[in-house]
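Order of the sequence lines sets the chain letters (A, B, ...), proteins ahead of strands, with each chain counted from 1.
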Amino acid sequence: MNHTVTRIERRRWPALLLLLGVLTACFGLLAAPGNAAKEDLTGEISGVMRDAQGQPIAGVSFQVTNASGFTGSDISNRQGEWVVPIPGPGQYVVSLDPATLPAGVTLTNPERTSLTVSLLSNSKTVAFPTGAADTTRESFLDRFLQLAVDGLVFGLVIALAGVGLSMIFGTTGLTNFAHGEIVTLGALATFVFNNFIGLPFPLAVALAVVVCGLFGALNDWGLWKPLRKKGVSLIAMLVVSIGLGILLRYIYLFFFGGDTEQYASYSGQPGLALGPVDITPKVIIGSVVAILALVLTMMWLGLTRNGKASRAVSDNPALASASGINVERVINQVWIIGAALAGLSGALYSMSVGVNWLEGFQLLLLVFAGVVLGGLGTALGAIVGSLVVGVLLQISTLFLPTEMKTVGALLIMIIILLIRPQGLLGRRERVG
Amino acid sequence: MNAIDPFEPTEQADPLQPGSEEFMEELHVDAEQRTRSQELTTREHHLATSGNALLRADELVAGYIPGVNILNGCDFYVDDGEMVGIIGPNGAGKSTLLKALFGLVRVGSGTVILKNEDITNLRADRLVRQGLGFVPQTNNVFPSLTIEENLQMGAYLAPKQFKDRFDYVTGIFPRLGERRKQRASALSGGERQMLAMGRALMMEPSVLLLDEPSAGLSPALQDEVFVRVRDINKAGVTVIMVEQNARRCLQIVDRGYVLDQGRNAYTGTGRDLAHDPKVISLYLGTLGAERDEGTKG
Ligand SMILES: Nc1ncnc2c1ncn2[C@@H]1O[C@H](COP(=O)(O)OP(=O)(O)OP(=O)(O)O)[C@@H](O)[C@H]1O
Ligand SMILES: [Mg+2]
């Protein structure tokens, strides 16, 4: 009897991860740009030329060179696509001949006709944006809407990382400063699966999520569980997590290098104009996947036996144990879910900002801000807080220089916390 | 003797005034001597009567911090279907004993045996599987879970039984059924105590450990709790109960233990203990005993 219960629980785990995987398979609906490799040059540099209205521009000439004398060129076709086969990874100079641009079309930055790019993988997409950088022409409201949507999208990325951070904090008391590195791992694993192994993007993301889930389980099993068993203090564990974060970052730097890379799939995807809001299909689908993952997590916490048990452990581990809950197993499950969500966060985040060894670390401050703002230890609070932080961050660029946007968002967070110290959805401690 | 200077009372103060150093010292010495002599007679007797105990602990040494033992060689047993009370002064280690029996405090030496099986230092959730239930003294509900969810956690290992047991528990405590969708943090102290007991009853335990179930309840509710516990015991559940309300506790239990400084100082039937002059003077309070005598006589 007890044994069957255990087995069913164990089986539910991979099932949940698989479900996340299936969701990410929605990406499959996006057709991959079909660029067949030419001759025996193994790599390629490509791009899609479009005007300010998003229409393809044909007949623009591109040249790719490198230091060892390689030269290749192409002219954009009717879809605006151009592909230059290259010998493989390395550093290249990509230049566009401005004379071949049609009349009336200029580059956004007319000086930027040639770019130096370095490839670790075999392919890379290079974009030459056209049209004036005409943000001033947009109305304030349009700009506001665009930023609000961008903020929500970014907020979802923060929320995916924040929910896990919050759940781990709730059940174990650990403030995990290495959580950002799980985010980065999600991006790196997606990059490896997509660019090196050549898996379709949805599958790459699904596998990256699984990898991160396993990494989370291993993290807990190999490091945090033994430390808990020894009764190591929470402050000491926090310091250990800072150290672990540094270690992981330098491992990433060693193997991946310091450059920012783009996924092979969808990196140059043009945006859709939905009213005043510009948004790419990949971001729409990514956000839908993020929302589904968050909803599933909330359903797990609110409706399933082990989800409820995880909240019971957050409230009182000794009492949870005295109720028959295997506390360590529940904590391990929380780690798997939290790390898988963080991995998804990184995989989706890098669709817009590229893959970088520091991306998760740079995101971490905002993740903490979202979790604290929402009320420490409540999953729904972490989601709401993260969305608020994302939106505040983007909206603040209306009033502040872009470089200052993080400062602005954190200032607003401090003000909200002064008014509501328990966070947006946190509850005040019951008195007595 | 000189007239007493009210500003220099040291010499003239009553040496046995409660709270004075002399009084404490005397009490302490007295207690130690009595404990030692009592131990010699009771430990043998205790061991002799504990032959077919359902749950027993022998020479338990346990504590929270390594090197600081709260229990110093505590013996304890309970027979199947018995109801046993544990009383003693604050900080005697009563709660610690229950936690040590339940695998929530690390046992340094000594053994805990349930149905002839060694369960020393077994994880609490394993013990729940073996039919033990525990209601802690404090923090005994999950505040951010609803009442229903609290009870679901009580039935965590047997989710299929939830409906039956929920009906049973809400039959005993109807208030829990009425407020099932509310968070436990919204309950009053007494309602919380009911929920805590209800949660422990969800698994149909065969042995129930209760740590001060009547604490913080109104006198009427205290009686109610004692009656409920008695009923639960009559239904076949072995009960181990720690109580501050020592007199009431000793009235209803089959057997009692008086714990002091981490060891059992006295054991005996509830009636014997309640009328033992040493137990009365040390733990039940002399005044209270006199008053009782007075009302009776
Ligand atoms: N969690 C803990 N960590 C460290 N020491 C503790 C802890 N709980 C109790 N103690 C210590 O153990 C000793 C015995 O405590 P215990 O709770 O067992 O007493 P008790 O007999 O239940 O008292 P009360 O009647 O007040 O409930 C006390 O001196 C207390 O300081
Ligand atoms: Mg106690």
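Counting heavy-atom neighbours within 6.0 Å of B:Arg230 CZ, excluding the residue itself, gives a total above 12. Atom CG of A:Leu418 has more than 12 heavy atoms from other residues, nucleotides or ligands within 6.0 Å. Other residues, nucleotides and ligands contribute over 12 non-hydrogen atoms within 6.0 Å of the CG atom of B:Asp167.
Taking B:Phe76 as the reference, B:Tyr257 meet the ring pair (Phe, Tyr, Trp, His ring centres under 6.0 Å) condition, with sequence neighbours excluded.
When heavy atoms are compared at a cutoff of 4.5 Å, B:Val141 approaches chain A solely by way of its backbone atoms N, CA, C and O. B:Leu104 touches chain A through its side chain: at least one heavy atom from C-beta onward sits under 4.5 Å away, while N, CA, C and O do not.
Proximity of A:Arg305 to B:Gln152: side-chain heavy atoms (C-beta onward) are nowhere separated by under 4.5 Å.
Annotation: residues 309-328 of chain A contacts chain B through A:Ala309, A:Arg311, A:Ala312, A:Asp315, A:Asn316, A:Ala318, A:Leu319, A:Ala320, A:Ser321, A:Ala322, A:Ser323, A:Gly324, A:Ile325, A:Asn326 [non-hydrogen atoms, separation under 4.5 Å].
Ranked by non-hydrogen atom pairs under 4.5 Å with chain A, the options B:Ser144, B:Gly154, B:Pro136, B:Gly103 are led by B:Ser144.
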